[in-house]
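Contents: one structure, followed by commentary.
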Amino acid sequence: MPAVVGSETTERRSDGDWIVRRISGAAARKQYRCPGCEQEIRPATPHVVCWPDDRIADRRHWHTVCWTRRDRRIQPGR
Ligand SMILES: [Zn+2]
């Protein structure tokens, strides 16, 4: 297992439990593409890294706001 740095929380979403790690601006040294809005997350931008609790290989970097909004786009039973 890789070393875990920073605080992680578990969030229950409509599609399961997700581990959410908050990345500070100081720790965000690379540029990522947010799967929520398809825009870049620029270096030094505080954001989150999320993955299904049993699939760390699927972790993705999200804008904090995009992650917060994500659940509204996958309303179950719609
Ligand atoms: Zn985004």
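Along the sequence shown, residues are numbered consecutively beginning with 1. Just so you know, ligand 1 is whichever comes first in the structure, and atom 1 is the first atom listed for that ligand.
- Judged as a side chain to side chain contact (heavy atoms under 4.5 Å, CB included), and not counting sequence neighbours, the contacts of P52 are W18, D54, R55, D58.
- Distance alone, capped at 3.5 Å, places no donor-acceptor pair between the T45 side chain and the I41 backbone.
- Within the structure, salt bridge (charged side-chain N to carboxylate O under 4.0 Å, His left out) contacts touching residues 23-40 (residues at least two apart or in different chains) are R33-E40.
- Take the Zn ion (ligand 1) and draw a sphere of radius 2.8 Å; the protein N/O/S atoms inside it number 4.
- Taking a cutoff of 4.0 Å between a charged side-chain nitrogen and a carboxylate oxygen, R70 and D15 qualify as a salt bridge.
- In this structure H63 satisfies the ring pair (Phe, Tyr, Trp, His ring centres under 6.0 Å) test with no other residue, sequence neighbours excluded.
- Linking ILVMFWY residues whenever their side-chain heavy atoms come closer than 4.5 Å, directly or via other members, places I23 and W51 in the same cluster.
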